[in-house]
Amino acid sequence: MRTLLILTAALEGVTGLGLLLAPATIAFVLLGNTLDTPISLVVARVAGAALVALGVACWHARLDPDSSAAAGIVGGMLLYNSAVASLLAYVAIALGLFGAGLWGLHLALAVWCVACLRARRAND
(Lines give C-alpha, C1' and ligand atoms only; values in the text may rest on other atoms or scores of the structure.)
Protein backbone atom coordinates (compact mmCIF):
# COMPACT_ATOMS: atom_id res chain seq x y z
CA MET A 1 0.00 0.00 0.00
CA ARG A 2 2.93 2.32 0.68
CA THR A 3 4.07 2.27 -2.96
CA LEU A 4 0.53 3.00 -4.16
CA LEU A 5 0.31 5.96 -1.78
CA ILE A 6 3.67 7.36 -2.92
CA LEU A 7 2.88 6.94 -6.62
CA THR A 8 -0.56 8.51 -6.21
CA ALA A 9 0.90 11.40 -4.22
CA ALA A 10 3.37 12.11 -7.01
CA LEU A 11 1.01 11.68 -9.98
CA GLU A 12 -1.98 13.51 -8.56
CA GLY A 13 0.09 16.17 -6.82
CA VAL A 14 1.99 17.11 -9.98
CA THR A 15 -1.17 17.02 -12.10
CA GLY A 16 -2.99 19.14 -9.54
CA LEU A 17 -0.21 21.72 -9.44
CA GLY A 18 -0.27 21.85 -13.21
CA LEU A 19 -4.01 22.43 -13.25
CA LEU A 20 -3.68 25.18 -10.67
CA LEU A 21 -0.89 26.98 -12.52
CA ALA A 22 -1.64 26.30 -16.20
CA PRO A 23 -5.05 24.64 -16.57
CA ALA A 24 -5.42 25.20 -20.33
CA THR A 25 -1.99 23.71 -21.05
CA ILE A 26 -2.54 20.67 -18.84
CA ALA A 27 -5.99 20.09 -20.37
CA PHE A 28 -4.44 20.18 -23.82
CA VAL A 29 -1.64 17.78 -22.84
CA LEU A 30 -4.01 15.34 -21.11
CA LEU A 31 -7.04 15.53 -23.39
CA GLY A 32 -5.84 17.16 -26.58
CA ASN A 33 -8.33 19.99 -26.23
CA THR A 34 -8.32 23.44 -24.70
CA LEU A 35 -10.37 25.08 -22.00
CA ASP A 36 -11.94 28.05 -23.71
CA THR A 37 -14.23 29.65 -21.14
CA PRO A 38 -13.41 31.39 -17.87
CA ILE A 39 -15.65 28.99 -15.94
CA SER A 40 -13.85 25.95 -17.37
CA LEU A 41 -10.56 27.41 -16.13
CA VAL A 42 -12.06 27.89 -12.66
CA VAL A 43 -13.41 24.33 -12.60
CA ALA A 44 -10.03 22.99 -13.75
CA ARG A 45 -8.27 24.92 -10.96
CA VAL A 46 -10.76 23.59 -8.38
CA ALA A 47 -10.01 20.07 -9.66
CA GLY A 48 -6.31 20.91 -9.39
CA ALA A 49 -6.71 21.96 -5.77
CA ALA A 50 -8.55 18.70 -5.04
CA LEU A 51 -5.79 16.67 -6.68
CA VAL A 52 -3.11 18.48 -4.68
CA ALA A 53 -5.11 17.73 -1.52
CA LEU A 54 -5.33 14.05 -2.50
CA GLY A 55 -1.60 14.03 -3.15
CA VAL A 56 -0.85 15.57 0.26
CA ALA A 57 -3.13 13.07 2.02
CA CYS A 58 -1.46 10.15 0.23
CA TRP A 59 2.00 11.52 0.97
CA HIS A 60 1.27 11.69 4.70
CA ALA A 61 -0.50 8.31 4.74
CA ARG A 62 2.61 6.63 3.29
CA LEU A 63 4.18 6.95 6.74
CA ASP A 64 1.60 4.60 8.27
CA PRO A 65 0.19 2.49 5.42
CA ASP A 66 -1.26 -0.09 7.81
CA SER A 67 -3.52 2.42 9.57
CA SER A 68 -7.27 2.69 9.20
CA ALA A 69 -6.77 6.25 7.93
CA ALA A 70 -4.56 5.01 5.09
CA ALA A 71 -7.16 2.38 4.22
CA GLY A 72 -9.79 5.13 4.15
CA ILE A 73 -7.65 7.18 1.79
CA VAL A 74 -7.15 4.18 -0.48
CA GLY A 75 -10.91 3.57 -0.40
CA GLY A 76 -11.44 7.17 -1.50
CA MET A 77 -8.83 6.72 -4.21
CA LEU A 78 -10.68 3.61 -5.40
CA LEU A 79 -13.85 5.65 -5.82
CA TYR A 80 -11.95 8.49 -7.53
CA ASN A 81 -10.01 6.24 -9.92
CA SER A 82 -13.11 4.19 -10.82
CA ALA A 83 -15.11 7.33 -11.57
CA VAL A 84 -12.31 8.96 -13.58
CA ALA A 85 -11.65 5.75 -15.55
CA SER A 86 -15.34 5.49 -16.43
CA LEU A 87 -15.60 9.15 -17.39
CA LEU A 88 -12.44 9.12 -19.52
CA ALA A 89 -13.44 5.87 -21.26
CA TYR A 90 -16.77 7.49 -22.14
CA VAL A 91 -15.03 10.65 -23.38
CA ALA A 92 -12.63 8.58 -25.51
CA ILE A 93 -15.44 6.55 -27.07
CA ALA A 94 -18.19 9.16 -27.38
CA LEU A 95 -16.16 12.30 -28.05
CA GLY A 96 -12.92 10.90 -29.44
CA LEU A 97 -10.74 13.14 -27.28
CA PHE A 98 -7.04 12.58 -27.85
CA GLY A 99 -5.59 11.97 -24.38
CA ALA A 100 -8.57 10.22 -22.89
CA GLY A 101 -6.52 7.01 -22.98
CA LEU A 102 -5.60 7.93 -19.42
CA TRP A 103 -8.66 5.89 -18.45
CA GLY A 104 -6.42 2.81 -18.55
CA LEU A 105 -4.05 4.31 -15.99
CA HIS A 106 -6.93 5.16 -13.66
CA LEU A 107 -8.42 1.69 -14.13
CA ALA A 108 -5.07 0.11 -13.23
CA LEU A 109 -4.83 2.33 -10.14
CA ALA A 110 -8.38 1.33 -9.14
CA VAL A 111 -7.47 -2.35 -9.44
CA TRP A 112 -4.34 -1.71 -7.36
CA CYS A 113 -6.51 -0.02 -4.70
CA VAL A 114 -8.77 -3.09 -4.58
CA ALA A 115 -5.75 -5.38 -4.24
CA CYS A 116 -4.32 -3.29 -1.38
CA LEU A 117 -7.63 -3.17 0.46
CA ARG A 118 -8.14 -6.93 0.04
CA ALA A 119 -4.62 -7.66 1.30
CA ARG A 120 -5.21 -5.42 4.28
CA ARG A 121 -8.50 -7.16 5.05
CA ALA A 122 -6.83 -10.57 4.79
CA ASN A 123 -4.19 -9.48 7.30
CA ASP A 124 -6.75 -8.19 9.84
Side-chain angles (χ1 to χ4, degrees):
M1 191 178 296
R2 186 172 193 275
T3 303
L4 173 64
L5 291 165
I6 291 169
L7 181 65
T8 298
L11 290 174
E12 303 304 349
V14 168
T15 303
L17 282 174
L19 285 170
L20 280 169
L21 299 174
T25 302
I26 298 303
F28 185 77
V29 168
L30 294 178
L31 298 172
N33 211 330
T34 60
L35 303 174
D36 50 3
T37 64
I39 194 66
S40 65
L41 294 172
V42 170
V43 171
R45 284 189 166 111
V46 168
L51 290 178
V52 169
L54 177 62
V56 168
C58 289
W59 186 251
H60 286 287
R62 86 191 192 293
L63 298 173
D64 192 9
D66 297 324
S67 69
S68 294
I73 289 170
V74 172
M77 289 170 23
L78 171 59
L79 177 62
Y80 163 74
N81 282 307
S82 299
V84 171
S86 299
L87 178 62
L88 290 178
Y90 164 76
V91 167
I93 293 165
L95 304 178
L97 284 180
F98 159 72
L102 289 172
W103 69 269
L105 172 64
H106 283 280
L107 180 61
L109 289 170
V111 169
W112 194 359
C113 288
V114 169
C116 286
L117 292 172
R118 281 188 167 182
R120 184 179 189 280
R121 189 170 280 185
N123 291 333
D124 285 346

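- By the rule that hydrophobic residues join a cluster once side-chain heavy atoms approach within less than 4.5 Å of another member, Met1 and Leu11 end up as members of one cluster.
- For the atom pair CG (Asn81) and CG (Leu105), the distance works out to 7.5 Å, reported to the nearest 0.5 Å.
- The CG atom of Leu109 lies 9.0 Å from the CG atom of Leu107; values are rounded to the nearest 0.5 Å.
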N/O donor-acceptor pairs under 3.5 Å from side chains in residues 82-91, not counting sequence neighbours:
| residue | atom | partner | partner atom | Å |
| --- | --- | --- | --- | --- |
| Ser82 | OG | Leu78 | O | 2.8 |
| Ser86 | OG | Ser82 | O | 3.0 |

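- A search for side chain to side chain contact (heavy atoms under 4.5 Å, CB included) contacts involving Ala71 returns Leu117, Arg120, not counting sequence neighbours.
- Here the CH2 atom belonging to Trp112 is positioned 5.0 Å from the CG atom belonging to Leu7, to the nearest 0.5 angstrom.
- Residues Leu19 and Ala44 approach most closely at CB-O, 3.6 Å, considering heavy atoms.
- Between Met77 and Leu5 there is a side-chain heavy-atom pair separated by less than 4.5 Å.
- Atom-to-atom distance recorded for Thr8:OG1 and Ile6:CD1 is 10.0 Å, nearest 0.5 angstrom.
- Grouping the Ile, Leu, Val, Met, Phe, Trp and Tyr side chains by contacts below 4.5 angstrom, directly or via other members, places Leu17 apart from Phe28.
- The minimum heavy-atom distance between Cys116 and Leu4, with the atom names listed, is SG-CD2, 3.9 Å.
- For Leu35 against Pro23, the heavy-atom pair with the smallest separation is CD1-O, 3.6 Å.
- Cluster membership check: Val111 does not share its hydrophobic cluster with Leu79, using side-chain heavy-atom separations under 4.5 Å among Ile, Leu, Val, Met, Phe, Trp and Tyr.
- In this structure, Arg62 contributes its side chain and Trp59 its backbone to a donor-acceptor pair below 3.5 Å.
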Hey, mind stepping through Leu30 and Thr15 against side-chain contact (heavy atoms from CB on, under 4.5 Å) and telling me if it holds? CA-CA 10 Å; Leu30 294 178; Thr15 303; 4.1 Å; yes

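- The distance from atom CZ of Arg45 to atom CG of Leu21, rounded to the nearest 0.5 Å, is 8.0 Å.
- Residue Ile73 comes nearest to Ala61 through the heavy atom pair CD1-CB, 3.7 Å, listed as atom of the first residue, atom of the second, then distance.
- Of the inter-residue distances, the one linking Cys113 atom SG with His106 atom NE2 reads 11.0 Å to the nearest 0.5 angstrom.
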